[in-house]
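Note that ligands are numbered from 1 as they come in the structure, with each ligand's atoms numbered from 1 the same way.
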Amino acid sequence: MRTTTVVIGGGQGGLAMSRCLSTRSIDHVVLERGEVANSWKTQRWDSLRLLTPNWQCRLPDYAYDGTDPDGFMTMPEVVDFLEKYAAWVAPPLQTGTTVTSVRAFDGGYRVTSDQGEWDCRTVVLATGAFNVPRVPDVAAGVPASVKMVTPTDYRSPDQLDDGGVLVVGASATGVQIAYEIQRSGRPVTLAVGEHVRGPRMYRGRDIHWWMDVSGLLDERDDEVDDIVRARRVPSMQLAGSPDRADFDLNALSEIGVKLVGRLAGIRDDKAQFSGSLRNKCELADLKLDRLLDLIDEWAAASGLDDEVPPPHRLARTVVPEPPTLLLDLAGGRIKTIVWASGFRPDYSWLDVPVVDAKGMLMHDGGVVDAPGMYAIGAPFLRRRKSSFIDGACDDAQDLIVELAAYLDRQAIPGPRTAAASVSARASQS
Ligand SMILES: Cc1cc2nc3c(=O)[nH]c(=O)nc-3n(C[C@H](O)[C@H](O)[C@H](O)COP(=O)(O)OP(=O)(O)OC[C@H]3O[C@@H](n4cnc5c(N)ncnc54)[C@H](O)[C@@H]3O)c2cc1C
(Lines give C-alpha, C1' and ligand atoms only; values in the text may rest on other atoms or scores of the structure.)
Protein backbone atom coordinates (compact mmCIF):
# COMPACT_ATOMS: atom_id res chain seq x y z
CA MET A 1 0.00 0.00 0.00
CA ARG A 2 1.12 3.55 -0.67
CA THR A 3 0.34 6.80 1.05
CA THR A 4 2.09 10.10 1.64
CA THR A 5 2.27 9.95 5.45
CA VAL A 6 1.97 7.13 7.94
CA VAL A 7 1.07 8.25 11.47
CA ILE A 8 1.91 5.57 14.03
CA GLY A 9 -0.26 5.77 17.15
CA GLY A 10 -3.91 6.65 17.74
CA GLY A 11 -3.61 8.63 20.97
CA GLN A 12 -4.06 12.39 21.20
CA GLY A 13 -0.80 12.99 19.31
CA GLY A 14 -1.72 10.80 16.34
CA LEU A 15 -5.25 12.18 16.17
CA ALA A 16 -4.02 15.77 16.34
CA MET A 17 -1.56 15.11 13.51
CA SER A 18 -4.26 13.41 11.47
CA ARG A 19 -6.50 16.47 11.85
CA CYS A 20 -3.67 18.75 10.66
CA LEU A 21 -2.80 16.44 7.74
CA SER A 22 -6.46 16.34 6.64
CA THR A 23 -6.72 20.12 6.85
CA ARG A 24 -3.86 20.29 4.34
CA SER A 25 -5.34 17.45 2.26
CA ILE A 26 -2.25 15.31 2.80
CA ASP A 27 -3.05 11.70 2.10
CA HIS A 28 -2.27 9.56 5.17
CA VAL A 29 -3.16 6.62 7.37
CA VAL A 30 -3.12 6.31 11.18
CA LEU A 31 -2.00 2.91 12.44
CA GLU A 32 -2.91 1.99 16.01
CA ARG A 33 -2.05 -1.32 17.67
CA GLY A 34 -5.09 -1.23 19.97
CA GLU A 35 -7.99 1.19 19.83
CA VAL A 36 -8.17 4.97 19.96
CA ALA A 37 -6.81 6.18 23.33
CA ASN A 38 -5.24 2.78 23.94
CA SER A 39 -2.76 4.03 26.55
CA TRP A 40 -5.50 5.69 28.60
CA LYS A 41 -7.62 2.53 28.34
CA THR A 42 -5.03 -0.07 29.17
CA GLN A 43 -2.07 1.45 31.00
CA ARG A 44 -3.50 3.64 33.77
CA TRP A 45 -4.66 2.82 37.29
CA ASP A 46 -8.36 2.88 38.25
CA SER A 47 -8.50 6.03 40.37
CA LEU A 48 -6.35 8.17 38.06
CA ARG A 49 -7.74 11.50 36.98
CA LEU A 50 -6.01 14.00 34.76
CA LEU A 51 -3.91 16.41 36.75
CA THR A 52 -4.58 19.01 34.06
CA PRO A 53 -7.95 20.79 34.36
CA ASN A 54 -10.65 20.05 31.80
CA TRP A 55 -10.30 23.45 30.12
CA GLN A 56 -6.75 22.43 29.26
CA CYS A 57 -7.96 19.58 27.07
CA ARG A 58 -7.44 21.40 23.78
CA LEU A 59 -6.66 19.72 20.48
CA PRO A 60 -6.49 21.15 16.95
CA ASP A 61 -9.87 22.79 16.17
CA TYR A 62 -11.46 21.09 19.19
CA ALA A 63 -11.63 21.63 22.95
CA TYR A 64 -13.46 20.50 26.07
CA ASP A 65 -16.84 22.22 26.15
CA GLY A 66 -18.48 20.47 29.11
CA THR A 67 -20.01 21.97 32.23
CA ASP A 68 -17.02 21.47 34.54
CA PRO A 69 -14.03 23.30 33.00
CA ASP A 70 -12.14 23.36 36.30
CA GLY A 71 -12.68 19.65 37.03
CA PHE A 72 -10.32 16.78 36.29
CA MET A 73 -11.34 13.94 33.97
CA THR A 74 -11.41 10.33 35.12
CA MET A 75 -9.87 7.80 32.74
CA PRO A 76 -13.24 6.78 31.18
CA GLU A 77 -13.90 10.49 30.63
CA VAL A 78 -10.52 10.97 28.92
CA VAL A 79 -11.24 7.98 26.68
CA ASP A 80 -14.68 9.41 25.88
CA PHE A 81 -13.15 12.82 25.09
CA LEU A 82 -10.59 11.29 22.71
CA GLU A 83 -13.14 8.96 21.11
CA LYS A 84 -15.37 11.95 20.41
CA TYR A 85 -12.40 13.81 18.96
CA ALA A 86 -11.62 10.79 16.77
CA ALA A 87 -15.23 10.63 15.58
CA TRP A 88 -15.06 14.33 14.74
CA VAL A 89 -11.65 14.15 13.03
CA ALA A 90 -12.70 10.94 11.24
CA PRO A 91 -9.08 9.93 10.57
CA PRO A 92 -8.16 7.23 8.05
CA LEU A 93 -7.56 4.99 11.03
CA GLN A 94 -6.60 1.35 11.08
CA THR A 95 -6.87 -0.07 14.60
CA GLY A 96 -5.56 -3.46 15.73
CA THR A 97 -2.43 -2.82 13.65
CA THR A 98 0.94 -3.08 15.36
CA VAL A 99 3.87 -1.53 13.55
CA THR A 100 6.81 -3.90 13.75
CA SER A 101 9.36 -2.05 11.64
CA VAL A 102 10.03 1.29 9.96
CA ARG A 103 12.98 1.46 7.62
CA ALA A 104 14.30 3.78 4.93
CA PHE A 105 13.01 2.74 1.51
CA ASP A 106 13.05 4.35 -1.92
CA GLY A 107 13.68 7.87 -0.66
CA GLY A 108 10.95 7.51 1.96
CA TYR A 109 9.99 4.78 4.40
CA ARG A 110 8.55 1.29 4.43
CA VAL A 111 6.30 0.76 7.44
CA THR A 112 5.71 -2.89 8.22
CA SER A 113 2.90 -4.01 10.49
CA ASP A 114 1.15 -7.22 11.44
CA GLN A 115 -1.57 -6.16 8.97
CA GLY A 116 0.57 -5.32 5.96
CA GLU A 117 3.10 -2.82 4.59
CA TRP A 118 2.85 0.85 3.68
CA ASP A 119 5.35 2.79 1.59
CA CYS A 120 5.32 6.50 2.33
CA ARG A 121 7.32 9.67 2.05
CA THR A 122 6.90 10.85 5.61
CA VAL A 123 6.32 9.17 8.97
CA VAL A 124 4.96 10.63 12.21
CA LEU A 125 5.92 8.79 15.39
CA ALA A 126 2.98 9.30 17.76
CA THR A 127 3.53 6.17 19.80
CA GLY A 128 3.83 7.93 23.16
CA ALA A 129 6.70 8.68 25.50
CA PHE A 130 5.54 6.64 28.46
CA ASN A 131 5.38 3.13 26.98
CA VAL A 132 7.68 1.27 29.35
CA PRO A 133 8.08 1.80 33.11
CA ARG A 134 11.68 2.40 34.12
CA VAL A 135 12.75 -0.21 36.64
CA PRO A 136 16.27 0.38 37.97
CA ASP A 137 18.87 -2.40 37.83
CA VAL A 138 18.85 -2.65 41.63
CA ALA A 139 15.50 -4.44 41.29
CA ALA A 140 17.54 -7.59 40.64
CA GLY A 141 18.47 -7.58 44.34
CA VAL A 142 14.88 -7.59 45.64
CA PRO A 143 14.22 -10.75 47.69
CA ALA A 144 11.68 -13.19 46.23
CA SER A 145 9.29 -12.63 49.15
CA VAL A 146 8.61 -9.07 47.92
CA LYS A 147 6.27 -8.57 44.97
CA MET A 148 7.07 -5.87 42.43
CA VAL A 149 4.56 -3.76 40.54
CA THR A 150 4.95 -1.01 37.95
CA PRO A 151 2.48 1.83 37.35
CA THR A 152 1.33 0.22 34.10
CA ASP A 153 0.24 -2.99 35.82
CA TYR A 154 -0.90 -1.33 39.06
CA ARG A 155 -4.69 -0.85 39.16
CA SER A 156 -5.67 -0.31 42.81
CA PRO A 157 -4.47 -1.09 46.36
CA ASP A 158 -6.78 -4.13 46.42
CA GLN A 159 -4.45 -6.03 44.14
CA LEU A 160 -1.61 -5.75 46.70
CA ASP A 161 -1.01 -8.10 49.63
CA ASP A 162 -1.66 -6.63 53.05
CA GLY A 163 1.44 -5.18 54.63
CA GLY A 164 4.04 -2.54 53.96
CA VAL A 165 4.72 -1.04 50.55
CA LEU A 166 7.84 0.71 49.31
CA VAL A 167 7.01 3.20 46.56
CA VAL A 168 10.12 4.25 44.65
CA GLY A 169 9.78 7.67 43.05
CA ALA A 170 7.95 10.80 44.19
CA SER A 171 6.79 12.48 41.01
CA ALA A 172 3.10 12.71 40.05
CA THR A 173 2.69 8.95 39.65
CA GLY A 174 4.57 8.02 42.84
CA VAL A 175 2.83 10.48 45.13
CA GLN A 176 -0.64 9.60 43.81
CA ILE A 177 -0.09 5.87 44.18
CA ALA A 178 1.59 6.29 47.61
CA TYR A 179 -1.40 8.33 48.79
CA GLU A 180 -4.04 5.78 47.89
CA ILE A 181 -2.05 2.79 49.13
CA GLN A 182 -1.44 4.48 52.49
CA ARG A 183 -5.16 5.31 52.72
CA SER A 184 -5.95 1.62 52.07
CA GLY A 185 -4.24 0.72 55.37
CA ARG A 186 -0.95 -0.52 53.93
CA PRO A 187 1.89 1.52 55.45
CA VAL A 188 3.90 3.23 52.73
CA THR A 189 7.56 4.16 52.66
CA LEU A 190 8.25 6.61 49.85
CA ALA A 191 11.76 6.84 48.35
CA VAL A 192 12.27 10.44 47.23
CA GLY A 193 14.90 11.64 44.78
CA GLU A 194 14.86 14.82 42.73
CA HIS A 195 11.27 16.06 42.57
CA VAL A 196 9.19 19.06 41.59
CA ARG A 197 6.86 20.42 44.24
CA GLY A 198 3.67 22.19 43.23
CA PRO A 199 0.57 23.44 45.02
CA ARG A 200 -2.74 22.60 43.35
CA MET A 201 -4.04 26.10 44.04
CA TYR A 202 -2.14 29.39 44.33
CA ARG A 203 -3.65 32.79 44.99
CA GLY A 204 -7.13 31.39 44.39
CA ARG A 205 -6.36 29.87 40.96
CA ASP A 206 -5.22 26.47 39.75
CA ILE A 207 -1.43 26.23 39.33
CA HIS A 208 -1.95 25.10 35.72
CA TRP A 209 -4.01 28.23 35.08
CA TRP A 210 -1.11 30.35 36.27
CA MET A 211 1.42 28.40 34.24
CA ASP A 212 -0.82 28.62 31.18
CA VAL A 213 -1.69 32.33 31.25
CA SER A 214 1.82 33.41 32.21
CA GLY A 215 3.25 31.55 29.21
CA LEU A 216 5.37 29.20 31.33
CA LEU A 217 3.88 26.13 29.67
CA ASP A 218 4.46 27.66 26.24
CA GLU A 219 8.18 28.10 26.84
CA ARG A 220 9.91 26.63 23.79
CA ASP A 221 12.72 24.11 23.52
CA ASP A 222 14.97 26.72 21.89
CA GLU A 223 14.37 29.16 24.76
CA VAL A 224 15.75 27.03 27.61
CA ASP A 225 19.45 26.85 28.45
CA ASP A 226 19.72 23.08 28.68
CA ILE A 227 17.03 21.24 26.72
CA VAL A 228 18.51 17.82 27.49
CA ARG A 229 18.09 18.49 31.19
CA ALA A 230 14.69 20.17 30.71
CA ARG A 231 13.42 17.02 29.00
CA ARG A 232 14.40 14.97 32.04
CA VAL A 233 12.73 17.15 34.68
CA PRO A 234 10.32 15.00 36.70
CA SER A 235 6.59 15.71 36.60
CA MET A 236 5.18 18.05 39.24
CA GLN A 237 3.74 16.48 42.41
CA LEU A 238 0.11 17.09 41.53
CA ALA A 239 -3.15 15.18 41.32
CA GLY A 240 -6.53 16.11 39.93
CA SER A 241 -8.63 15.29 42.96
CA PRO A 242 -12.13 16.82 43.19
CA ASP A 243 -11.20 18.56 46.48
CA ARG A 244 -8.16 20.14 44.76
CA ALA A 245 -5.91 18.80 47.53
CA ASP A 246 -2.12 19.09 47.49
CA PHE A 247 -0.13 15.93 46.93
CA ASP A 248 3.26 17.18 48.07
CA LEU A 249 5.48 15.45 50.63
CA ASN A 250 3.99 17.36 53.57
CA ALA A 251 0.51 16.16 52.57
CA LEU A 252 1.79 12.59 52.39
CA SER A 253 3.62 12.83 55.74
CA GLU A 254 0.39 14.07 57.33
CA ILE A 255 -1.42 10.84 56.43
CA GLY A 256 1.47 8.73 57.73
CA VAL A 257 3.62 8.06 54.66
CA LYS A 258 7.24 7.62 55.73
CA LEU A 259 9.76 9.56 53.65
CA VAL A 260 13.22 8.21 52.84
CA GLY A 261 15.92 9.33 50.39
CA ARG A 262 16.53 8.08 46.87
CA LEU A 263 16.90 4.31 46.59
CA ALA A 264 20.63 3.93 46.05
CA GLY A 265 21.02 0.15 46.13
CA ILE A 266 19.88 -3.17 47.53
CA ARG A 267 22.43 -5.34 49.29
CA ASP A 268 21.92 -8.41 51.50
CA ASP A 269 18.13 -7.94 51.24
CA LYS A 270 18.39 -4.41 52.59
CA ALA A 271 17.32 -1.32 50.68
CA GLN A 272 19.88 1.46 51.01
CA PHE A 273 18.65 5.04 50.78
CA SER A 274 20.67 8.13 50.01
CA GLY A 275 21.17 10.62 52.83
CA SER A 276 20.28 13.46 50.45
CA LEU A 277 16.58 13.72 51.29
CA ARG A 278 16.96 17.05 53.08
CA ASN A 279 18.95 18.52 50.19
CA LYS A 280 16.46 17.30 47.61
CA CYS A 281 13.57 18.77 49.59
CA GLU A 282 15.34 22.10 50.09
CA LEU A 283 16.03 22.27 46.39
CA ALA A 284 12.40 21.51 45.54
CA ASP A 285 11.23 24.19 48.02
CA LEU A 286 13.63 26.67 46.42
CA LYS A 287 12.46 25.86 42.91
CA LEU A 288 8.85 26.19 44.00
CA ASP A 289 9.60 29.64 45.41
CA ARG A 290 11.17 30.60 42.08
CA LEU A 291 8.09 29.39 40.20
CA LEU A 292 5.81 31.37 42.51
CA ASP A 293 8.08 34.43 42.12
CA LEU A 294 7.65 34.21 38.35
CA ILE A 295 3.89 33.91 38.73
CA ASP A 296 3.77 36.88 41.12
CA GLU A 297 5.87 38.99 38.74
CA TRP A 298 3.56 38.10 35.88
CA ALA A 299 0.44 38.81 37.96
CA ALA A 300 1.78 42.24 38.95
CA ALA A 301 2.79 43.10 35.38
CA SER A 302 -0.61 42.01 34.08
CA GLY A 303 -2.52 44.12 36.59
CA LEU A 304 -4.02 41.06 38.28
CA ASP A 305 -2.77 41.83 41.78
CA ASP A 306 -6.03 43.43 42.89
CA GLU A 307 -8.17 40.59 41.52
CA VAL A 308 -6.51 37.67 43.31
CA PRO A 309 -5.41 37.05 46.92
CA PRO A 310 -1.91 38.31 47.83
CA PRO A 311 1.25 36.25 47.27
CA HIS A 312 2.21 33.72 49.90
CA ARG A 313 4.76 30.97 50.28
CA LEU A 314 4.19 27.35 51.31
CA ALA A 315 5.53 25.85 54.53
CA ARG A 316 8.93 24.20 53.96
CA THR A 317 8.94 20.46 53.43
CA VAL A 318 9.21 18.66 56.76
CA VAL A 319 12.02 16.12 56.56
CA PRO A 320 12.21 13.27 59.09
CA GLU A 321 15.26 13.26 61.38
CA PRO A 322 17.37 11.22 61.59
CA PRO A 323 16.99 9.98 58.01
CA THR A 324 16.29 6.30 57.46
CA LEU A 325 19.17 4.88 55.45
CA LEU A 326 18.38 1.15 55.52
CA LEU A 327 15.18 -0.88 55.21
CA ASP A 328 15.05 -4.62 55.64
CA LEU A 329 13.16 -6.09 52.69
CA ALA A 330 13.30 -9.71 53.83
CA GLY A 331 11.90 -9.33 57.34
CA GLY A 332 8.26 -9.38 56.21
CA ARG A 333 7.46 -5.70 56.79
CA ILE A 334 7.64 -4.82 53.11
CA LYS A 335 5.36 -6.95 50.94
CA THR A 336 5.40 -4.93 47.72
CA ILE A 337 7.61 -2.49 45.85
CA VAL A 338 5.96 -0.12 43.39
CA TRP A 339 8.46 1.18 40.84
CA ALA A 340 7.23 4.69 40.16
CA SER A 341 10.66 5.57 38.85
CA GLY A 342 9.60 6.99 35.50
CA PHE A 343 8.78 5.79 32.01
CA ARG A 344 10.58 5.58 28.71
CA PRO A 345 9.44 5.33 25.12
CA ASP A 346 9.69 2.09 23.17
CA TYR A 347 11.26 2.45 19.73
CA SER A 348 12.48 -1.14 19.51
CA TRP A 349 10.61 -1.46 16.19
CA LEU A 350 12.29 1.53 14.58
CA ASP A 351 14.96 0.36 12.09
CA VAL A 352 16.28 3.86 11.41
CA PRO A 353 19.33 5.07 13.38
CA VAL A 354 17.57 7.88 15.26
CA VAL A 355 17.58 6.49 18.80
CA ASP A 356 20.49 7.25 21.13
CA ALA A 357 22.24 4.88 23.55
CA LYS A 358 19.66 5.73 26.23
CA GLY A 359 16.77 4.79 23.95
CA MET A 360 15.72 8.39 23.39
CA LEU A 361 14.76 9.76 20.01
CA MET A 362 17.21 12.21 18.40
CA HIS A 363 15.20 15.16 17.18
CA ASP A 364 15.03 18.94 17.05
CA GLY A 365 11.62 20.06 18.24
CA GLY A 366 9.99 16.91 16.84
CA VAL A 367 11.87 17.01 13.54
CA VAL A 368 13.64 13.66 13.80
CA ASP A 369 17.24 13.22 12.61
CA ALA A 370 16.02 11.40 9.49
CA PRO A 371 14.51 13.20 6.48
CA GLY A 372 10.71 13.20 6.50
CA MET A 373 10.35 11.74 9.98
CA TYR A 374 8.54 13.61 12.76
CA ALA A 375 7.59 12.88 16.37
CA ILE A 376 4.94 14.20 18.72
CA GLY A 377 4.11 13.67 22.39
CA ALA A 378 7.53 13.60 24.10
CA PRO A 379 8.40 15.70 27.17
CA PHE A 380 9.43 19.22 26.10
CA LEU A 381 9.36 18.18 22.44
CA ARG A 382 8.84 21.81 21.34
CA ARG A 383 7.30 23.34 24.45
CA ARG A 384 7.19 22.78 28.18
CA LYS A 385 3.63 21.46 27.76
CA SER A 386 4.48 19.06 24.90
CA SER A 387 3.69 15.84 26.75
CA PHE A 388 0.28 17.10 27.87
CA ILE A 389 -2.91 16.73 25.84
CA ASP A 390 -2.77 20.50 25.45
CA GLY A 391 0.75 20.29 24.03
CA ALA A 392 -0.31 18.06 21.16
CA CYS A 393 -2.41 20.96 19.84
CA ASP A 394 0.33 23.53 19.25
CA ASP A 395 2.99 20.94 18.45
CA ALA A 396 0.86 19.29 15.75
CA GLN A 397 0.15 22.69 14.23
CA ASP A 398 3.90 23.43 14.11
CA LEU A 399 4.89 20.00 12.87
CA ILE A 400 2.45 20.05 9.99
CA VAL A 401 4.23 23.17 8.74
CA GLU A 402 7.53 21.28 8.91
CA LEU A 403 6.11 18.20 7.22
CA ALA A 404 4.32 20.10 4.46
CA ALA A 405 7.44 22.18 3.77
CA TYR A 406 9.45 18.96 3.50
CA LEU A 407 7.00 17.52 0.99
CA ASP A 408 7.11 20.78 -0.99
CA ARG A 409 10.90 20.73 -1.06
CA GLN A 410 10.82 17.13 -2.26
CA ALA A 411 8.41 18.06 -5.02
CA ILE A 412 10.96 20.48 -6.50
CA PRO A 413 12.54 18.63 -9.45
CA GLY A 414 16.25 17.89 -9.36
CA PRO A 415 18.55 15.71 -7.28
CA ARG A 416 17.63 15.35 -3.62
CA THR A 417 20.29 16.89 -1.45
CA ALA A 418 20.87 17.32 2.23
CA ALA A 419 18.99 20.62 1.89
CA ALA A 420 15.83 18.63 1.33
CA SER A 421 15.90 17.52 4.94
CA VAL A 422 16.42 20.96 6.48
CA SER A 423 13.57 21.77 8.83
CA ALA A 424 11.24 24.67 8.11
CA ARG A 425 12.22 26.00 11.53
CA ALA A 426 15.94 25.97 10.64
CA SER A 427 15.33 27.59 7.28
CA GLN A 428 13.22 30.30 8.93
CA SER A 429 15.91 31.20 11.44
C1 LIG B 1 0.34 8.17 34.44
C2 LIG B 1 0.20 9.28 33.46
C3 LIG B 1 -0.62 10.35 33.74
C4 LIG B 1 -0.75 11.40 32.83
N5 LIG B 1 -1.56 12.45 33.16
C6 LIG B 1 -1.72 13.44 32.26
C7 LIG B 1 -2.61 14.54 32.54
O8 LIG B 1 -3.17 14.65 33.64
N9 LIG B 1 -2.78 15.49 31.60
C10 LIG B 1 -2.15 15.44 30.39
O11 LIG B 1 -2.37 16.32 29.56
N12 LIG B 1 -1.27 14.45 30.13
C13 LIG B 1 -1.05 13.46 31.02
N14 LIG B 1 -0.16 12.44 30.75
C15 LIG B 1 0.73 12.57 29.58
C16 LIG B 1 0.15 12.29 28.23
O17 LIG B 1 -0.94 13.10 27.93
C18 LIG B 1 -0.22 10.88 27.99
O19 LIG B 1 0.89 10.06 28.19
C20 LIG B 1 -0.76 10.64 26.57
O21 LIG B 1 -1.25 9.34 26.54
C22 LIG B 1 0.23 10.87 25.47
O23 LIG B 1 -0.45 10.88 24.23
P24 LIG B 1 0.25 10.38 22.93
O25 LIG B 1 -0.77 10.37 21.84
O26 LIG B 1 1.50 11.13 22.71
O27 LIG B 1 0.67 8.92 23.33
P28 LIG B 1 -0.27 7.71 23.72
O29 LIG B 1 -1.56 8.14 24.30
O30 LIG B 1 0.57 6.78 24.52
O31 LIG B 1 -0.61 7.09 22.31
C32 LIG B 1 0.31 6.33 21.60
C33 LIG B 1 -0.47 5.29 20.86
O34 LIG B 1 0.44 4.59 20.03
C35 LIG B 1 0.10 3.22 20.03
N36 LIG B 1 1.29 2.48 19.68
C37 LIG B 1 2.45 2.39 20.37
N38 LIG B 1 3.33 1.60 19.70
C39 LIG B 1 2.72 1.22 18.56
C40 LIG B 1 3.11 0.41 17.46
N41 LIG B 1 4.34 -0.15 17.40
N42 LIG B 1 2.22 0.22 16.46
C43 LIG B 1 0.99 0.79 16.50
N44 LIG B 1 0.57 1.56 17.51
C45 LIG B 1 1.42 1.78 18.54
C46 LIG B 1 -0.39 2.96 21.44
O47 LIG B 1 -1.24 1.85 21.50
C48 LIG B 1 -1.10 4.27 21.78
O49 LIG B 1 -2.48 4.24 21.52
C50 LIG B 1 -0.02 11.38 31.62
C51 LIG B 1 0.83 10.29 31.36
C52 LIG B 1 0.94 9.26 32.25
C53 LIG B 1 1.85 8.11 31.94
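Considering only non-hydrogen protein atoms, atom 8 (O) of ligand 1 sits nearest to Leu51 N, 2.6 Å. Of all protein heavy atoms, the one lying nearest to atom 11 (O) of ligand 1 is Ile389 N, 2.7 Å. Counting only heavy atoms of the protein, atom 51 (C) of ligand 1 lies nearest to Arg44 NH2, 3.9 Å. Atom 7 (C) of ligand 1 has as its closest protein heavy atom Leu50 CD2, 3.4 Å. What sits closest to atom 15 (C) of ligand 1 on the protein, heavy atoms only, is Ser387 O, 3.2 Å. In terms of protein heavy-atom proximity, atom 30 (O) of ligand 1 is nearest to Ser39 OG, 2.6 Å. The nearest protein atom to atom 24 (P) of ligand 1, hydrogens excluded, is given as Gly13 N, 4.0 Å; this is a heavy-atom distance. Scanning all protein heavy atoms for the shortest distance to atom 31 (O) of ligand 1 gives Gly11 CA, 3.6 Å.
Residue contacts with ligand 1: Thr52 is placed with a nitrogen or oxygen under 3.5 Å of a nitrogen or oxygen of the ligand (distance criterion only). For Glu32, a nitrogen or oxygen atom sits less than 3.5 Å from a nitrogen or oxygen atom of ligand 1, counting backbone and side chain alike. At least one N or O atom of Val99, backbone or side chain, sits closer than 3.5 Å to an N or O atom of ligand 1. Residue Leu48 has no nitrogen or oxygen atom sitting less than 3.5 Å from a nitrogen or oxygen atom of ligand 1, judged on distance alone.
Taking a cut-off of under 4.0 Å to the non-hydrogen atoms of Asn38, the atoms of ligand 1 that pass are 47 (O), 49 (O). The ligand atoms of ligand 1 that sit less than 4.0 angstrom from a heavy atom of Gly9 are 33 (C), 34 (O), 35 (C). Less than 4.0 angstrom separates some heavy atom of Gln12 from each of these atoms of ligand 1: 16 (C), 17 (O), 20 (C), 22 (C), 23 (O), 25 (O). Atoms of ligand 1 lying under 4.0 Å from any heavy atom of Gly377, numbered from 1 in the order shown and given with element: 26 (O). The contact set between ligand 1 and Phe130, taken as ligand atoms under 4.0 Å from a residue heavy atom, comprises 15 (C), 19 (O), 53 (C).
Distance CG/Leu59 to NZ/Lys84: 14.0 Å, rounded to 0.5 Å. Taking CD from Glu223 and CG from Asp225, the interatomic distance works out to 11.0 Å, rounded to the nearest 0.5 Å.
By the 30° and 60° cut-offs, the orientation of the rings of Trp298 relative to Trp209 is perpendicular. Ring geometry, His208 versus Phe388: the interplanar angle exceeds 60°, so the pair is classed perpendicular (tilted spans 30 to 60°).
No side-chain donor from either of Asp351 and Tyr109 sits under 3.5 Å from a side-chain acceptor of the other. Donor-acceptor pairing under 3.5 Å is recorded for the side chains of Thr150 and Asp153. Side-chain polar atoms of Arg186 and Ser184 form a donor-acceptor pair below 3.5 angstrom. Using modelled atom types and a 3.5 Å distance limit, the side chains of Thr112 and Thr100 yield no donor-acceptor pair.
Nearest to atom 5 (N) of ligand 1 by heavy atom, out of Phe388, Trp40, Trp349, is Trp40. Among Gln56, Arg33, Lys385, the residue whose heavy atom lies closest to atom 43 (C) of ligand 1 is Arg33.
Residue contacts with ligand 1: Thr97 is included, with a non-hydrogen atom under 4.0 Å away.
The one candidate from Asp222, Asp390, Asp398 that meets the salt bridge (charged side-chain N to carboxylate O under 4.0 Å, His left out) condition with Arg383 is Asp398. Screening Arg155, Glu180, Gln176 for a side chain to side chain donor-acceptor pair (under 3.5 Å) involving Ser47 leaves a single residue, Glu180.
Environment of CG in Asp243: crowded, with over 12 heavy atoms of neighbouring residues, nucleotides or ligands closer than 6.0 Å.
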Problem set entry | Intermediate values then yes/no, salt bridge (charged side-chain N to carboxylate O under 4.0 Å, His left out), Asp395 and Arg382 | CA-CA 7 Å; Asp395 287 359; Arg382 285 179 91 90; 5.0 Å; no
Exercise. Does the pair Tyr406 and Gln410 meet the rule for a side chain to side chain donor-acceptor pair (under 3.5 Å), with working shown?
Worked result: CA-CA 6 Å; Tyr406 173 79; Gln410 275 215 323; 2.9 Å; yes
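Contact annotation for Ala126 and ligand 1: only backbone heavy atoms (N, CA, C, O) come within less than 4.0 Å of the ligand. Under 4.0 Å from ligand 1, the heavy atoms of Trp45 that appear belong solely to its side chain.
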